[in-house]
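Only heavy atoms go into these numbers, but all of them, side chains included; no hydrogens, no water, no symmetry mates. First listed ligand is number 1; within each ligand, the first listed atom is number 1.
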Amino acid sequence: MHNMKHRILFLLLSYLLLSNQLIHSIPGIIPQPKEVTSGKGVFELTKFITIIYQDERQAENAEYLYDELKKEYGFSLLINQKNRPQNGSIFLKENPTIPEEGYKLTVDKKQIICEASTPTGMFYAIQSFLQSIISEDKSYFILCMNVEDAPRYPWRGMMLDVARHFHNKETVMNLLDAMARLKMNRFHWHLTDEDGWRIEIKKYPKLTQEGAVGNWSDRMAYPKYFSQQDVKEIVEYARLRHITVIPEIDMPGHASAASRAYPEISAGGEGRWAGFTFHPAKESTYRFLEDVLTEVAELFPGPYIHIGGDEVHFGNQVWFTDPQIQKFIKDKQLGDESGLEHYFLRRVSDIVKNLGKTTVGWDEMIASGIPSHQAVIMWWRHDKREQLEKALSQGFNVVMTPRIPCYLDFVQDNTQKIGRRWGTDFNSLFTVYKFPKPVESIISAYPDQIMGMQASVWTERMAGTKRLYYMIFPRLVAISENAWSADKVKNYDSFMKRLKNFLLYLDRKGINYFNPFDVNSTPEPWGPTKKDVIAEG
Ligand code: ACM
């Protein structure tokens, strides 16, 4: 009986394949590859398949593939290192002619061949393979096909704010898993802000003993932070998924949590902005920050440290009256408080440079006088396109994450009650998917300076995991396609078809999402407080 069903399914799949409509729906490779050519027939995945890798440096990829097939489908395949494929194998083959992050995936009835010139390219071949598995009635198939692929941009990222509301190691790892499946490779970790300092610094224990107390909803919430051991585990977990982690220690503003722990290096604003900035005129502040960044540089092997630099004017009122600060401005001939802000950023960027890292900063940093080769700019103020143009014309490398459409704390459907809006604008899946078309006329003149783009997930109104996932998915999937796929292969109808396949992956992982196919099936998880509904702009 089972055999009969199996046959019918096999015939059905072969028929569907011939009907020639499938290549954009099944397989659901997302982001859309450069080229997909369909073949005839299917490869049947069984527990007798062997994973064979040619080069020792692919051993971690082979193990990753083994683990994913085991977790998702219950397979326990054999793994071998050999020079040749065999019938019924998944072969990880070296091919030095393929570009660095590119890959080829060839599926015929007898075998699957993943080809790349680097472990990263091979990892992406594996993702496309995993996304192509069709599971029906306890049988597993892959349609015969050839895929040739390589990314549009090298920076395909997501920022997660764990300062406003803490989100734990397991959640971060789930997000890294999903990013990996989408071939995303930069995890920007916003670790410090007004509501909490979330990374252990051995030299300054009060940063977490006191600075990690509270969150956006509850000033006295139990302290939550990542120990250095947690950080090491997350960085290693990301490394195995070919994801670079970029830590952000926000300064000189957004420093209120550090100010609560060490008021002696604080020069905050008033009321709501109490303790908002580090004290820019004390040598002890710069020594403190150098110590902090030295520990951070050791924990994160990637080339970047993000030092924030945003919105200093929100809470630097004290700078205008504090005699020590005013004297400092005069003595150093900085002109005014803005000049002081730029001095601060230059000085800390030099610390980052001396630690062997490249500075990353929000777009306020453009005006700081930091040399363009020394910093990467994140363009975030979508209403100030001139900031994007300025960064590029001054020679900076740029990562794009404009509020509209890359901030995922904006609502994604007009019916939603919790989350940001900008006037009447918000970030629907379709709005997200159109990016970067609206800025193409600016960026097309600087193809070598646009590193890519990222989703930014600010968590003021995301206290729980279910709500966090709901705001991230499926919009992150659209960002992944914007960052990976050339404009000429993007198509929203095709995207929506392939998205269905990715939603099945989220279902298997138990990750919540907003369902654009059935808006009522996934009610908006409620946020933490009455302050939830806001508008701005
Ligand atoms: C930001 O949204 N303040 C970078």
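Below 30°, between 30° and 60°, or above 60°: for Tyr204 and Tyr262 the angle between ring planes is above 60°, a perpendicular geometry.
Residue, atom and distance of the protein heavy atom nearest to atom 2 (O) of ligand 1 are Tyr407 OH, 2.7 Å. Atom 3 (N) of ligand 1 has as its closest protein heavy atom Asp310 OD2, 2.7 Å.
Phe426 carries Arg421 over the face of its six-membered ring, with the cationic atom under 6.0 Å from the centre and within 45° of the normal. Stacking of Arg347 on the aromatic ring of Tyr286 is recorded, both the 6.0 Å distance cut-off and the 45° axial limit being met.
When each atom of ligand 1 is checked for a heavy atom of Glu311 under 4.0 Å away, the hits are 3 (N). Ligand 1 places these atoms under 4.0 Å from at least one heavy atom of Trp362: 4 (C).
Closest approach of Trp319 to Glu337, counting heavy atoms only: CZ3-O, 3.7 Å.
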